[in-house]
Amino acid sequence: GPLEEMSIPLFFAWFLLSSVQDKVGSTSLDFLKTLQTLEAFKKHMSDFKAEKEVDLEQYFEAKGVLHCTTKFCNYGKAEGAQEYAQKQAVKDFYGSTSELSLSALFVTPRTVGARVSLTEEQLLLWPADAEKEAESVPAAASLPLGSRAHITLGCAEGVEPVQTGLDLLEILALQQEGQQGELVEEMALGSLTFYGKGRWLLSLREPICAPACFSGYYT
Ligand code: ACK
C-alpha cells in the first residue's frame, strides 16, 4: 500500500559525519585551488569551455550533505529499489557507522568528486548492477563491483550529481583499457594524472578516512 511505498527513501547512502564534512570540503577546495595554478592545467583550460582563466571554486557548486550513494531508489520507483530496501544487509547495517576510505579526488568539466574504496563488509550494501546501470559508460559493466562508489563534491552549472559516478567510471574504464594517462605532477596530496578531455585524477598518498552513517535520505 501507499504507506509501504513511502517508507523507501529517495536514496540510501553513507552520510559523512558532520565532524568530517568540513575536512573533506576544505581538502577538495585546496585541491581545486592548487590544480588551477598548474601550468599543465592552464594548458588544457579550453576543455572547461572557459575563454580565459577558469576559477574552479566558482565553477563548481556544492550539492548539500556529503554522502556516498549505494542505491538511488526514487521512493521505490527506481528499478530494483524494493528489492534493495528489503535486503538483509540493508536492514542489518541501517543506522550503523563505518569508515569510508577516500582514495582519490577527480575533476572533469562536469563534476568534482572523491573515489571511495569500499571494504568487503561495505560491499555487502553495494547493488550488484550499479556499474552495469551506467549506460553512458558501456565499459563500466566489466569493472569490479564498487567501482562507481564516490562522493560528489561539486557540479558545474546545469549538471546533476548522478554525473559524478559516471565521470569516475569513465576514468576507471580508461585505466582498465590500459590508458595510463599522463602523469603530470607529484603534489603534496599525491600524484596527479591527466586523462584528456579535462579529466584529472589525484591518487591520494594517504587515503582520507571519513566516518559515515549508513541511512536513507527522504526529503
Ligand atoms: O552524488 P550522488 O551519488 O548522485 O548522490 C545523488 C543522489 O542519488 C540523490 O540524487 C544519486 N543519483 C541520482 N540519480 C541516480 C541514478 N539514476 N543512479 C545512481 N545514482 C543516482 C545522485
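Since we're looking at a predicted model, the values are computed, not measured.
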Q | Heavy-atom pair of closest approach, residues Val184 and Ala40 | A | CG1-CB, 3.4 Å
Q: Sequence neighbours left out, what passes side chain to side chain donor-acceptor pair (under 3.5 Å) with Gln122? Give chain and number order.
A: Ser98, Thr119
Q. Which residues satisfy the side chain to side chain donor-acceptor pair (under 3.5 Å) test with Ser147, sequence neighbours excluded?
A. none
Q | side chain to side chain donor-acceptor pair (under 3.5 Å) contacts in which one or both residues fall within residues 10-26, not counting sequence neighbours | A | none
Q. Does any pair with a residue in residues 185-195 pass side chain to side chain donor-acceptor pair (under 3.5 Å), and if so which ones, sequence neighbours excluded?
A. Gln175-Tyr195
(Q) Whether the side chain of Glu131 engages the backbone of Leu143 through a donor-acceptor N/O pair (distance < 3.5 Å, no angle test) should be reported. (A) no
Q: Name all residues meeting the ring pair (Phe, Tyr, Trp, His ring centres under 6.0 Å) criterion together with His150; count only those two or more places apart in sequence or in a different chain, and write none if there are none.
A: none
Q: Name all residues meeting the ring pair (Phe, Tyr, Trp, His ring centres under 6.0 Å) criterion together with Tyr84; count only those two or more places apart in sequence or in a different chain, and write none if there are none.
A: Phe12
Q: If a pair satisfies ring-ring contact (aromatic ring centres under 6.0 Å, His included) and one of its residues is in residues 85-114, list it, with sequence neighbours excluded.
A: none
Q | Inter- and intrachain pairs under ring-ring contact (aromatic ring centres under 6.0 Å, His included), touching residues 17-42, at least two apart | A | Phe41-Phe48, Phe41-Trp200
Q: Please list, chain by chain and in numerical order, all residues satisfying salt bridge (Lys or Arg N to Asp or Glu O under 4.0 Å) with Lys43, sequence neighbours excluded.
A: none
**Q.** Contacts of Glu121 that satisfy salt bridge (Lys or Arg N to Asp or Glu O under 4.0 Å) - sequence neighbours left out
**A.** none
Q. Looking at side-chain heavy atoms only, is the closest gap between Leu153 and Val24 below 4.5 Å?
A. yes
Going by atom type alone, with no hydrogens or angles, which donor-acceptor pairs under 3.5 Å involve a side-chain atom of residues 109-116 and a protein atom two or more places apart or on another chain?
from, atom 1, to, atom 2, distance (Å)
Arg110, NE, Asp167, OD1, 3.0
Arg110, NE, Asp167, OD2, 3.4
Arg110, NH2, Asp167, OD1, 3.1
Thr111, OG1, Asp167, OD2, 2.7

**Q.** Pairs involving residues 208-219, ordered by first then second residue, that meet salt bridge (Lys or Arg N to Asp or Glu O under 4.0 Å) (sequence neighbours left out)
**A.** none
